[in-house]
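The structure appears right after this line, and notes come after that.
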Amino acid sequence: MDVSHLLDDLNEAQREAVSASPGHYLILAGAGSGKTRVLTHRIGWLTQVERVPPWAILAVTFTNKAAGEMRARLDGLIPGGTQGLTVGTFHGIAHRLLRRHWREAGLVEGFQILDSDDQQRLIKRVVAGLGLDEARFPPRQAAWQINQWKDEGKRPDGIEHRDHPVTRTFVEIYKAYEQQCQRAGLVDFAELLLRAHELWLKDPQVLRHYQDRWRYLLIDEFQDTNTLQYAWIRVLAGTTGQAFVVGDDDQAIYGWRGARVENVQQFLNDFPGAKTIRLEQNYRSTSTILNAANAVIARNGGRLGKQLWTDGDEGDRIALYAAYNEQDEARFVIERIREHIAEHGNARDCAILYRSNAQSRNFEEQLIQRNLPYRVYGGLRFFERAEIKDALAYLRLAANRHDDAAFERAVNTPPRGIGDRTLDELRRRARTESSSMWEAALNEVSTGSLAGRAKNAVRAFIGLIDTLQRTFGGHDGGGDEPAALGLAEQIEHAIVHTGLRDFYENDKRGNGEARVENLDELVNVASRFEMTPEDLDAGLNELSAFLSHAALEAGEGQGEAWDDCVQLMTLHSAKGLEFPIVFLVGMEEGLFPSQRSTEEENRLEEERRLAYVGITRARRKLYVSHAESRRMHGTEMLARPSRFLGEIPPELIDELRPRVQVSRPAYADRFAGTSIEEPLPVRLGQRVSHPKFGEGTVVSAEGAGAHMRVQVNFEGEGSKWLVYAYANLTAL
DNA sequence: CCGCGTGGCCTTTTT
DNA sequence: GGCCACGCGG
């Protein structure tokens with residue numbers, strides 16, 4: 001068989017990876033080095049040369065988008081040859097596994113998935129139910145902690161320091177939350193992975209089955225794996241599986257959400273005989289851009305080491321613009337974009353990348369003013385919209401009465417006279433009888449102490465859900481059921497008969513019209529929905545499959561990627577993408593690197609990797625900019641240029657609009673962390689006294705001169721930001 | 001139950 | 001500055 005198409009057009013390192021002999025491999029793939037290509041061609045090689053049956057291959061990605069791209073490229077590469085191949089996200093694969101083995105995993109058959117928003121609401125109610133002070137145990141933080149524990153594979157009984165009062169309380173919240181989920185048949189994202197992992201550990205037969213099946217494991221973005229995902233791969237690989245992991249330690253930017261770059265190093269220890277192959281030739285950027293990226297990332301310690309190179313052009317120098325303020329910065333960027341478009345370029349060639357979402361506003365305002373089309377990535381996705389979740393809550397409730405998260409959402413949206421008082425009563429009853437809200441409602445209607453009006457309202461709601469289910473043609477027992485409604489009809493029916501549509505139509509808050517459109521779109525989406533063979537295989541019904549799909553794949557943000565629009569996004573969302581022209585904006589100390597990351601070396605290095613990611617997004621031309629003054633959180637702040645700018649070799653930079661002020665130090669010295677630091681009037685760690693707040697310690701400072709602010713951690717009062725010039729602090 | 005005023009907060013994001 | 005959660009008054 002001719003397999004030349006698998007190796008032609010590959011460089012030597014890529015070929016080595018694609019055609020590697022059996023064993024474990026770590027592919028260190030630099031930015032733009034053809035990583036996806038290597039992954040897909042490796043799969044082609046395995047199936048066509050090594051004669052590995054496709055069903056023995058498992059390819060894991062982090063996002064649905066990445067999984068979809070891989071599938072599409074495989075289809076192009078090995079036509080018809082991908083039958084039975086598993087490509088999916090960690091969560092998607094865990095989900096399928098649990099559907100198939102729900103009994104062994106200790107779940108109910110029709111379990112549903114809780115998204116982060118549902119999870120947080122549920123935890124909030126758990127915190128309230130335990131009688132805890134929400135100020136001392138914020139639901140947000142509790143959710144974060146629980147997810148962190150789950151990501152580390154920990155159940156309440158396995159948590160250390162449970163004798164510490166604060167930890168103990170969080171463990172209690174965790175326990176109570178777990179019980180609620182179990183009773184309601186709900187599984188959150190982290191739980192999907194944890195359950196699947198536990199299933200393997202406690203059921204050797206199931207594990208054996210999958211170890212025997214998936215002998216070839218390919219993992220994308222390996223540097224982003226967390227503890228549990230890594231454990232998952234190890235268990236699944238067992239002693240027979242072969243792991244081919246692809247990643248880049250220099251692009252690890254998700255440490256804050258539990259990803260462990262250390263896993264890359266760990267892999268070499270844990271997988272016997274693992275070999276490392278480096279992909280360093282870059283096919284994306286000019287050598288100028290690569291040299292800048294290499295120089296910046298070289299400042300990080302503990303790297304596995306890689307040096308990007310290209311045999312392409314040197315290209316333009318990097319343009320640096322020092323703006324007066326954030327508006328001047330936006331004006332500069334938009335002007336360059338206008339010039340580009342005027343020279344018959346496309347708007348979509350240009351990307352504006354920033355550290356935090358709030359920075360998009362300035363650019364959006366000026367883009368609107370100049371009448372340029374743009375698209376902001378991120379933000380609310382389709383299935384995360386309130387009206388969509390409202391509609392789905394009715395379906396969830398019709399499918400499973402004990403889904404408290406859905407009950408709470410549906411019960412009074414639209415308003416039907418079931419207020420907080422009534423709900424508190426139902427919650428109290430559900431808690432004491434450890435039942436679902438639905439059961440509590442039933443009991444309350446028959447034997448409860450609710451006032452007449454409230455009781456009627458609750459009774460009407462129960463009737464509404466029952467009717468809904470009957471109309472759907474569910475499995476409600478009765479002999480002569482009407483023909484079952486299709487998914488789209490069910491949704492349409494629910495939207496109309498629950499009053500949701502009317503409610504949003506008459507919504508005077510201005511966006512009602514858009515919400516109704518979204519509801520209509522939901523019906524459209526449902527009518528186009530098709531179950532995958534895996535869904536059918538797992539024995540899912542259409543509704544369950546659709547609901548899972550909604551939670552697992554929240555859909556696109558606004559707009560379509562293919563329109564000719566200027567692209568605006570955070571540096572994090574830009575990972576994996578590339579653009580001919582990139583504007584890296586807001587390169588200022590305190591913003592990028594962000595204030596909170598400058599105190600710890602680890603976090604600073606992660607910021608630096610983010611800078612590396614940003615620089616390497618650009619194909620032809622990179623602009624970097626910073627503003628000397630910027631409005632942040634409502635106040636004008638002065639900021640020094642980012643240290644990362646100073647880390648780019650000066651000879652690669654073209655400074656636009658050279659500064660005329662003589663009062664400022666010359667170029668190199670303007671950058672923080674290079675040589676001159678403006679002296680601070682206080683030291684970090686300095687003990688100070690404040691007339692009102694008492695004594696405390698200076699923990700950080702930002703800005704300069706009259707605008708300088710310091711953060712002081714006061715005993716008893718907590719930490720506060722104070723404008724140094726007015727704070728009247730005395731050093732102790 | 002709704003609308004409005006106030007106070008606190010404030011990186012990054014996918015599943 | 002802007003968003004969101006909460007509390008009060010109609």
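Proteins get letters first, then strands, A, B, ... in listed order; numbering begins at 1 in each. No experiment lies behind these values; they were computed from the predicted model shown.
The distance between atom NZ of A/K575 and atom C1' of B/dT13, rounded to the nearest whole Å, is 11 Å. Rounded to a whole Å, the CD atom of A/E605 is 22 Å from the P atom of B/dT12. Whole-Å rounding puts the A/F383 CZ to B/dT15 P distance at 13 Å. The distance from atom CZ of A/R381 to atom P of B/dT13 is 11 Å, rounded to the nearest whole Å. Rounding to whole angstrom units, CG of residue A/L604 and P of B/dT12 are separated by 18 Å. Counting to the nearest Å, the C1' atom of B/dT11 and the CZ atom of A/R140 are 11 Å from each other. Separating the CZ atom of A/R257 from the P atom of B/dT13 is a distance of 9 Å, rounded to the nearest angstrom. Following rounding to the nearest Å, A/E364 (CD) and C/dG2 (C1') show an atom-to-atom distance of 14 Å.
Taking the ring centre of A/F383 as origin, the terminal cationic atom of A/R381 falls outside the region bounded by 6.0 Å and 45° from the ring axis. Annotation: cation-pi geometry satisfied between A/R99 and A/F111 (NZ/CZ under 6.0 angstrom from ring centroid, within 45° of ring axis).
Remark: the backbone N or O of A/A105 is paired with a side-chain donor or acceptor of A/R195 at under 3.5 angstrom. With hydrogens and angles ignored, the 3.5 Å screen pairs no side-chain donor or acceptor of A/R416 with any backbone N or O of A/A457.
Contact check for A/F222 versus A/N263: side-chain heavy atoms found under the 4.5 Å cut-off.
Ion pairing between A/R155 and A/E191 holds under the 4.0 Å rule for side-chain N and carboxylate O. Classification of A/D248 and A/K575 as a salt-bridged pair fails, no side-chain N sitting under 4.0 Å from a carboxylate O.
A sub-4.0 Å separation between OP1 or OP2 of B/dT11 and a side-chain N or O of A/N357 is absent. At the phosphate of B/dT12, neither OP1 nor OP2 sits under 4.0 Å from any side-chain N or O atom of A/S594. Contact annotation: A/R416 does not reach the phosphate of B/dC1 (side-chain N/O to OP1 or OP2, under 4.0 Å). OP1 or OP2 of B/dT12 has not a single side-chain nitrogen or oxygen of A/R596 nearer than 4.0 Å. At the phosphate of C/dG2, OP1 or OP2 sits under 4.0 Å from a side-chain N or O atom of A/R361. The side chain of A/N64 places no N or O atom within less than 4.0 Å of a non-bridging phosphate oxygen (OP1 or OP2) of B/dT14. Taking side-chain N and O atoms only, A/S573 has a distance below 4.0 Å to OP1 or OP2 of B/dT13.
Among the heavy atoms of the strands, none lies under 4.0 Å from A/Q229. Backbone-only contact: A/I418 has heavy atoms under 4.0 Å from sugar-phosphate atoms and none from a base. A/N412 comes within 4.0 angstrom of sugar-phosphate atoms only, judged by non-hydrogen atoms across all strands, and of no base.
Taking the C1' atom of each, B/dT12 and C/dA5 are spaced 23 Å apart, rounded to whole Å. Taking the C1' atoms as reference points, B/dT14 lies 23 Å from C/dC3, given to the whole Å.
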task = Could you go through the ring-ring contact (aromatic ring centres under 6.0 Å, His included) check for A/H626 and A/F592 one step at a time?
result = CA-CA 10 Å; A/H626 67 91; A/F592 185 34; over 10 Å; no
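A stacking contact links A/W256 to B/dT12: the aromatic ring centre lies within less than 5.5 Å of the base's six-membered ring centre, and the planes differ by less than 30°.
Of the candidates B/dT11, B/dT12, B/dT15, the closest approach to any side-chain atom of A/H572 belongs to B/dT12. Nearest nucleotide to the side chain of A/T63, out of B/dT15, B/dT12, B/dC2: B/dT15. Taking every side-chain heavy atom of A/T570 into account, B/dT13 is the closest of B/dT13, B/dT15, C/dG1.
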remark   = Given protein heavy atoms under 4.0 Å, the one-letter contact record of nucleotides 3-10 of chain C, with B base, S sugar-phosphate only and - none, is simply ---S----
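For B/dT15, its base sits under 3.5 Å from the side chain of A/S116 at one donor and acceptor pair at least.
Where A/L610 and A/P414 each meet DNA chain B at their nearest nucleotide, the meeting point lying more 5' is that of A/P414.
In this structure, B/dT11 is classed as syn because its glycosidic torsion stays within 90° of zero.
A side-chain donor from one of A/Q223 and A/E221 sits under 3.5 Å from a side-chain acceptor of the other.
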